[in-house]
Novice: 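A single structure is presented below for examination.
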Amino acid sequence: APSSSIDPHPPDLRQAVFRPASTIRIPSLSLPLHLSLLHTSTPVTCRAPPPPAPPVPTSPQSPPSPAHLPAPRPRLIHHPPPPPPPALGRTDRDHAAADLRARSILLLPCCSAAPLPDDRAGPPNRASRSPTTTPSSPSSPSSSSRPKPIPPPLGASSALPRAGGGRIAQRSAGAMSRDGQKLDPAAGAVGIGVLSLDLLGQVLDRLREPRDRKACRLVSRAFERAEAAHRRALRALRREPLPRLLRASPALERLDLSACASLDDASLAAAVAGGLAGLRSVCLARASGVGWRGLDALVAACPKLEAVDLSHCVGAGDREAAALAAAAGLRELRLDKCLAVTDMGLAKVAVGCPRLEKLSFKWCREISDIGIDLLAKKCRDLRSLDISYLEVSNESLRSISSLDKLEELAMVGCSCIDDEGLELLGKGSDSLQSVDVSRCDHVTSQGLASLIDGRNFLQKLHAADCLHEIGQRFLSKLATLKETLTVLKLDGLEVSDSLLQAIGECCNNLVEIGLSKCSGVTDEGISSVVAQCSNLRTIDLTCCSLITSNALDSIADNCKMLECLRLESCSLINEKGIKQIATCCPNLKEIDLTDCGVNDAALEHLAKCSELRILKLGLCSSISDKGIAFISSNCGKLVELDLYRCNSITDDGLAALANGCKKIKLLNLCYCNKITDSGLGHLGSLEELTNLELRCLVRITGIGISSIAIGCKSLIELDLKRCYSVDDAGLWTLARYALNLRQLTISYCQVTGLGLCHLLSSLRCLQDIKMVHLSWVSIEGFEMALRAACGRLKKLKMLSGLKSVLSPELIQMLQACGCRIRWVNKPLVYKD
Amino acid sequence: MAEVPLALAHKFDQPSSTLLVHWFLPAAASLLLRFLLLSIVVLPGSPARRMVTVSSSSSSSLAMDHGQNHIHDQSANLYCQFNSDNPFLSMGVQQAFPPFTTPFGAVPSTNIPHMDWNPATMLDNLTFIEEKIRQVKDVIRTMVDNGGQLPCHLGEFAQQQQVVNTDLTCLIVQLISTAGSLLPSLKNSSFLSHPPAGHMDMANHVGSSPTLVPNVTTISEENNDEMYSPEDYEKLFKGLTDGAMEGGIEIDNVLVEEQDAKDGDEGNDAGMDGESLPPGSYELLQLEKDEILAPHTHFCSICGKGFKRDANLRMHMRGHGDEYKSPAALAKPPRDASAEQEPVKRYSCPFIGCKRNKLHKNFQPLKTILCVKNHYKRSHCEKSYTCSRCHTKKFSVMADLKTHQKHCGRDKWLCSCGTSFSRKDKLFAHVALFQGHTPALPPEEPKTSSDQIGDVGSHQEPAKLQGSTGSSFMWGASSGNDSAMDIKGFDGSSDEFLSTANFGSFNFSFGQADGFPGEPSGSSFSMLLSEHFQNSRKKGQN
């Protein structure tokens, strides 16, 4: 049943899309295939085809797969519930496979990326086929299957899921062989399918990577059951299969529904109806469709609930808080931006959940002093409290100061709090370790001094954008924290060299210092700070435009442990300083060189930092492919790369990047307008890419988008604004392959109504789409597309001219489903 | 002024009368005398005209000397200070109250119109008076003895003075009542047609010196409604008031004073805040129960009708002739500058054992007469006003009831235990105090999924809001057949009603509201309106 409901496309349509894409590779298909092979230890005939279909478009092995694919497909369609019951009692294999299909669509991105339309057909097909084609295969032990699945990942190691699958195969086989000594007869005879759930569970317990566990699920039904039974965490992307998933996973402890499209009260209540005895943590962030009824059901079903995240459910109010308050064991609660929560809701929570330890209700501006007062009286175990952006007064701090276990207090942007309040807080218990008073306009260093007074355990002090000057008293108090203070943020302060020197002398153990946007930061000041604080790991010097490479030299000389250095807009630095940093700080994980004017030489030095995770090079227009090549040669762990307006970069740079930095998740290539489709083709091998910004790449077309859509299976956010040449072909492949896509910008693209309709009706996870100036799309096109996506969209950006043209009931319907429409009115201007 | 003691001496035939008078403050003495004389006037064969003239002239001259404020308070004090355990009290005052008990069986009363004058009773009374005077004399004598030797402590002195005051007041009242008892037998003409002049009693005269004269008259009138012909009454009144009215402005001045006292009293009824004067630095007065409980403080000098406010009296006076319609007569009398030089006065509650009673060891005086009134009613009277909505809360002060009714049924802050609060902080304090109690959210219509609609939703917002306030009101109001429901009924739907109450802007004048206590629906309606009004005013103040 699920297979028919899931697959909306007739096969011929699929073919039609498939062929133009010119990539007859179904990477995800290979995953279940070879895993099932692992299980059945199929002979070469069956196992061989999938590996040769690697996702690398340029792979010479691609021809075999098209040849292979058409064959299974008709079979699948012709006998959906095939009854081939060969050996091993695998009659229910198909059902399991069907489940697998549905599940693999829903579950975490890496795996759910797999379920492409064909792929849905794949598993049952393979599953049903493998036994039939290899009736004798079971006899071969799992160890024999081991070498088989492994070669493909090794050979074409670009396919990550498969690599993961390969690892699985390896590990599970390894586990098998280890345990296999005892189980030898059974294992030898029937493979791992005969192992008890218990043992399979043990196997699973040895798998640390969630990805591997997911791959295991695809091995056999027993494994799948074992995996479900052992599953601790689940992140659902769609609501329909939720009830079945939750029923199958009784041991679930963490449930993430934040990305679950169109979740509402009824579906949540239905999902948890069976009871989730073990569930401890639920994340419902941005699940704006969930109200108090759903929460009631959830709380009633989960007696062990300890943590709930309801942040950014802007409609949530007192009733929702009251529903949560029924969970007496709650220890952690986030209510950020639940705009309708008032003192009453907070009081409900305070009374209902006396064991709360961590509570955040920033932006709940209806909450006032008396609510916080009650909270402080009822929840005596609070360790962490976030009251940021509330309009509470010093009285609240008086109440909060009575909490004798409080360790962490954030009150960003509380403009009604002043020094008096901090003094009250200072008189409270000594447990406080971290205080954040950023953007509290009325707080001065005097107040902070009285807060610090006698409080020798303070470890973190965030005072960004609130201080205008630092008094002597504050410095003297700061000196008393010499041993403990590790984090000091003084963003936006006017500093002098002497002040920085004093800070350095006061705080020897600083691990993190934030001086962003501080005026008056000079090389000497930095030198004096870092000379005293050799433990610094994070230094934020954003917009300290006076510093030069000398400062970097002194940082490099003193802070050998440096992990994060932010130098945005420090345009006076040059490659000399970078070289020092790169050579002396091997642990560097993050560096922000946006607008620093660095060149390829600097990147050459920077490439020494093999631990680099985040690299921001925006606006450094002198960076060329050479520099990128340096980086990709050695920084294989790079996760985030920002090349905004590095417009010397061409396809070659991307090729090098795709080759060297396989783990990139976030990539910004906006305005690098030399990039063409072939560059995007290289990017297609970045399977972990989640966020990709391609704004204003005028040369890319639908073909480039196709390679990205097919290759980057984890893609969640894609920005194609002003990619004027992108056409329907791109959208069609996106619709077909980028099933995890949640945010999409296609403004100014050359797409038609048909493509838009197809896109919006296919992408089940799409929640946010910006489509301004789609001049090729007709009104009907918009109507149809929006109707198709109606229940799923949460944000929509369109031209305001459409407001009057679109049918009012459509707009009403969209809004009724919780979609916020932003109407913009901009002239259509083409720019490169 | 010299004639006054003479008159007294003449009447009482006591050598110590000069001394006695010496103890009084001059104004008090003059008023006292006026009472005496006026009561004597009505006795057969007394030299009425002459003595009245004397007394009134002295009174007006005194008024000039000391200011009306003083006269007013002093007279009120003198006139009505009784010890509650004093038999004279009941005799002197309770005749005005229909259900009365008196040790003297033959006290005249309106209820017994044709009572024959009993000489034996009169004799008894006179004997009693004599006895009492002797006692007072003794007290004063000791005071004189002490005073001659060493200057007494000021406070002690004041206290003794108070005792004497009280005793003398009793005497006077007794005397008046005795004299009044003669009247029915004196005049046998009946004017039953004359309507009873409102609810009159002696205790009504909390007040003003100018109304005192007519008041005495009205007492007798009241006692003898049936006996007087209109002409007689007129004549009598003229005779009595001629002198008093010579002062002219007196009425207004004193009335103003009354008003001011009331105004200044708002908010600090307890009299505790502000400066706490050391004992003795103020003049301590004690009003008696009946005076405290009097409903009216201003009386028409012509018909005797009582009013709570001087402005109402002035409005009323217009009906008595064109001379009362002049702008000057209708204007609020200017305040006299000399009033500020008055000694500070504080009041004592007549209830023995009360902390506000002067005999209490931690005595805390009350600041104004209104304080006394409210205090006495709240603390020592039955709570006769019941809230018509909740039927549980009772009050003895009408204003308290109204304050309560403002919020009754609108306590939207509910606790899980069923207690409701008018203020959120009160609820939270309650919740903080009791383990297991939690705030209860008012039931509202089920939340639909369309709640989060953007544009369309926002259009519905006001209507919804209105609906929810309406429903919370319904929730809070005790369901049943009380008048609150009736009120809602007449406006069609509760929502509509509340929307008017909440959003409409009403500029009613609520000053009159307390003048009409007897109309439940009307008053609660005006209460609702005034609630809105006052709420907004409060907000403005805050």
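We name chains A, B, ... by the order of the sequence lines, and we start the count at 1 in each one.
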Novice: Has A:Arg286 got more than 12 heavy atoms of other residues, nucleotides or ligands less than 6.0 Å from its CZ?
Specialist: no

Novice: Could you give the distance from CG (B:Leu441) to CE (A:Met344), rounded to the nearest 0.5 Å?
Specialist: 5.0 Å

Novice: Mark yes when over 12 heavy atoms from residues, nucleotides or ligands other than B:Lys426 sit less than 6.0 Å from its NZ; otherwise mark no.
Specialist: no

Novice: With chain B, which of A:Ile370, A:Asp373, A:Leu814 has the greatest number of heavy-atom pairs at distances under 4.5 Å?
Specialist: A:Ile370

Novice: Tell me which of these, A:Val351, A:Asp318, A:Asp264, has more heavy-atom pairs under 4.5 Å with chain B than the rest.
Specialist: A:Val351

Novice: Flag yes if more than 12 heavy atoms outside B:Glu382 fall under 6.0 Å of its CD atom; otherwise flag no.
Specialist: no

Novice: Side chain, backbone, both or neither: which part of B:Ala440 has a non-hydrogen atom closer than 4.5 Å to chain A?
Specialist: backbone

Novice: Could you tell me which non-hydrogen atom of B:Lys424 sits nearest to which non-hydrogen atom of A:Ser368, and how far apart they are?
Specialist: NZ-OG, 4.3 Å

Novice: Among the options A:Ile821, A:Val314, A:Asp343, pick out the one with the most heavy-atom pairs lying under 4.5 Å from chain B.
Specialist: A:Asp343

Novice: Heavy-atom distance under 4.5 Å to chain B: side chain of A:Lys377, backbone, both or neither?
Specialist: side chain

Novice: Can you establish whether the number of heavy atoms outside A:Arg822 located under 6.0 Å from its atom CZ is more than 12?
Specialist: no

